[in-house]
Asks: 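Have a look at this one before I ask anything.
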Amino acid sequence: MPELPEVEAAARVARRAVVGRTIDRVVIGHPSIARRWSVSDRRRCHGRRIVALTRRGKSQLLHLDDGGTLVVHFRLDGDWVVDRAGDALPPFARFAIRCTDGRRLVLVDPRALSTVTHHPAAAPPTFALGPEADDPTLTATGLRARLVGRRTSIKSALLDQRILAGLGNIYAAEALWRARLDPRRPAGGLEASELARLLRGIRAALADGVAHLGRYRTGGRTVAWRVYDRAGAPCRRCRTPIATLSQGGRTTYWCPGCQR
DNA sequence: TATTCCCTGTGC
DNA sequence: GCACAGGGAATA
């Protein structure tokens, strides 16, 4: 689930659940999380109030009243479940924040690839991220500046969070399809008009994702992607069968007929 | 700039 | 069985 629209939706769920509340204790449910938590990290969270929850790229930041920060990244499969302390933990619970009023925010993640880290006020987290993919002030010229000289494919560039933050494998493919751009094109070789199309494609793909989140979150995505996961099916624009290729170890879905 | 690994579940 | 899964840090 978690690319920018999904993480943003999850952040809203978590914000409603825990901002303004006080942490009674944190629960660590998997060694992959425990590895990054010292005894002092856990102790410092105890009794702290969560004063705000923000998003940066695909990371969620829980700001504590002592200046500390919890950084949560869902990776491929993470999601929040809100329940009550005392309930049985949901399946695949990997981490949880139990609030003093009994509210509990649980990170569920079958694959256990999600990460949660604590950063004390003296060592706040840093992010080597490009501008947000949905940043309304982003321009084609600005995009060009971030891609100039890049030899990698435009598809791989869109997945590089240092260039643009928030796109993943699905929305990158969807944006390129909307822009009618061949995903193999060198990132630094796109013309101004193509970059303008790409920027529009990114915005349209993200907007579509946001528009359909409700349906997505309540049981299986009912919305059809434009190209993602449609290998062999006819392109929705030109009827050419959708093809796949591997780029940087990820599968790219694209239309050889109308993406140039 | 391109693989390798982290984890576990699912679908072929 | 085995390949693969919407991510990204670490490594070569």
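Note that this is a predicted model, so its numbers are computed, not measured. Reminder, nothing fancy here: chain letters follow the sequence lines and each chain counts from 1.
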Asks: OP1 or OP2 of C/dG7 sitting under 4.0 Å from any side-chain N/O of A/His73?
Replies: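 No.
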Asks: Taking A/Arg48 for the side chain and A/Gly68 for the main chain, is one N or O donor matched with an acceptor at less than 3.5 Å?
Replies: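 Not confirmed, A/Arg48 side chain does not pair with A/Gly68 backbone.
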Asks: For the side chain of A/Gln161, starting at C-beta, report the closest nucleotide among B/dT1, C/dG8, C/dG7.
Replies: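 Shortest atom-to-atom distance from the side chain points to C/dG8.
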Asks: Measure the distance from CD1 on A/Ile163 to C1' on B/dT1 and round it to the nearest whole Å.
Replies: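 Those two atoms, CD1 and C1', are 12 Å apart.
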Asks: If we take the P atom in both C/dG6 and B/dG11, what is their distance in whole Å?
Replies: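 Per the computed distance, 15 Å lies between those P atoms.
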Asks: Taking atom P in both B/dT4 and C/dA3, compute the distance separating them and give it to the nearest angstrom.
Replies: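 Taking atom P in both B/dT4 and C/dA3, they lie 14 Å apart.
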Asks: Would you say A/Ser156 places a side-chain N or O within less than 4.0 Å of OP1 or OP2 belonging to B/dA2?
Replies: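 A/Ser156 to B/dA2 OP1/OP2: no side-chain N or O under 4.0 Å.
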Asks: Please determine whether any donor N or O and acceptor N or O are separated by less than 3.5 Å between the side chain of A/Arg111 and the base of C/dA5.
Replies: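 Indeed, a donor on one side and an acceptor on the other fall under 3.5 Å apart.
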Asks: Please state how far atom CG in A/Asp109 lies from atom P in B/dT8, giving the value in whole angstrom units.
Replies: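 Roughly 10 Å, once rounded to whole Å.
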Asks: Is A/Tyr228 near enough to C/dG6 that one of its side-chain N or O atoms lies under 4.0 angstrom from OP1 or OP2?
Replies: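 Yes, within the criterion.
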Asks: Run the salt-bridge test on A/Arg56 and A/Glu132 with the 4.0 Å N-O cut-off and return the result as yes or no.
Replies: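 Salt bridge: yes.
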Asks: So, A/Lys58 side chain and A/Leu167 main chain: donor-acceptor pair closer than 3.5 Å or not?
Replies: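 Yes; at least one donor-acceptor contact below 3.5 Å.
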Asks: Expressed in angstrom and rounded to an integer, what is the separation of A/Asn169 atom CG from C/dC4 atom P?
Replies: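 Going from CG in A/Asn169 over to P in C/dC4 covers 13 Å.
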Asks: Measuring to OP1 and OP2 of B/dA2, would you say a side-chain N or O of A/Thr152 lies under 4.0 angstrom away?
Replies: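 So the side chain of A/Thr152 is within the cut-off, an N or O lying under 4.0 Å from OP1 or OP2 of B/dA2.
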Asks: Does A/Gly249 reach a base, just sugar-phosphate, or nothing at all? Heavy atoms under 4.0 Å.
Replies: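 Nothing, no nucleic acid heavy atom in range.
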Asks: From CZ of A/Phe74 over to C1' of C/dG7, roughly how many Å is that when rounded to an integer?
Replies: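 Nearest whole value for this atom pair: 13 Å.
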Asks: Find which nucleotide of DNA chain B each of A/Arg75 and A/Phe92 is nearest to by heavy atoms, and output the residue with the more 5' nucleotide.
Replies: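 Of the two residues, A/Arg75 wins.
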Asks: Below 4.0 angstrom, N of the basic side chain to O of the carboxylate: do A/Arg103 and A/Asp101 qualify?
Replies: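 The answer is no: the pair does not qualify as a salt bridge.
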Asks: Rounded to whole Å, please give me the gap between NZ in A/Lys58 and P in C/dG6.
Replies: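 It is 11 Å, rounded to the nearest whole Å.
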Asks: Quick one: A/Arg250 CZ to B/dA2 P, roughly how many Å, whole number?
Replies: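 Rounding to the nearest Å, CZ of A/Arg250 and P of B/dA2 are 15 Å apart.
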Asks: Using 30° and 60° as the class boundaries, would you call the ring planes of A/Trp80 and A/Phe74 parallel, tilted or perpendicular?
Replies: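 Rings of A/Trp80 and A/Phe74: perpendicular, as their planes differ by over 60°.
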Asks: Of the candidate nucleotides C/dG7, B/dG9, B/dT1, which contains the atom at the shortest distance from the side chain of A/Pro110?
Replies: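 Per side-chain heavy atoms of A/Pro110, the pick is B/dG9.
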Asks: Okay, side chain of A/Glu174, backbone of A/Ile170: is any donor-acceptor separation there less than 3.5 Å?
Replies: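 Flag not set: sc A/Glu174 to bb A/Ile170 has no pair under 3.5 Å.
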Asks: Would you measure the distance from the P atom in C/dG1 across to the matching atom in B/dC6 and give it in whole Å?
Replies: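 To the nearest whole Å, 22 Å.
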Asks: For a side chain to side chain contact (heavy atoms under 4.5 Å, CB included) with A/Leu107, tell me which candidate from A/Val116, A/Asp79, A/Val27 qualifies.
Replies: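 It is A/Val116; the other options fail the test.
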Asks: Output the rounded distance in Å from CD (A/Gln247) to P (C/dG7).
Replies: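 It is 14 Å, rounded to the nearest whole Å.
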Asks: In whole Å, I'd like the distance from the CG atom of A/Asp229 to the P atom of B/dC12.
Replies: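 Result: 10 Å.
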Asks: Kindly assign one of parallel, tilted or perpendicular to the pair A/Tyr253 and A/Tyr228, based on the angle between their ring planes and the thresholds 30° and 60°.
Replies: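 Perpendicular.
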Asks: In which ranges does DNA chain B form stems of 3 or more consecutive Watson-Crick or G-U pairs, distances under 3.5 Å?
Replies: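 Stem segments, range with range: B:1-6 with C:7-12, B:8-12 with C:1-5.
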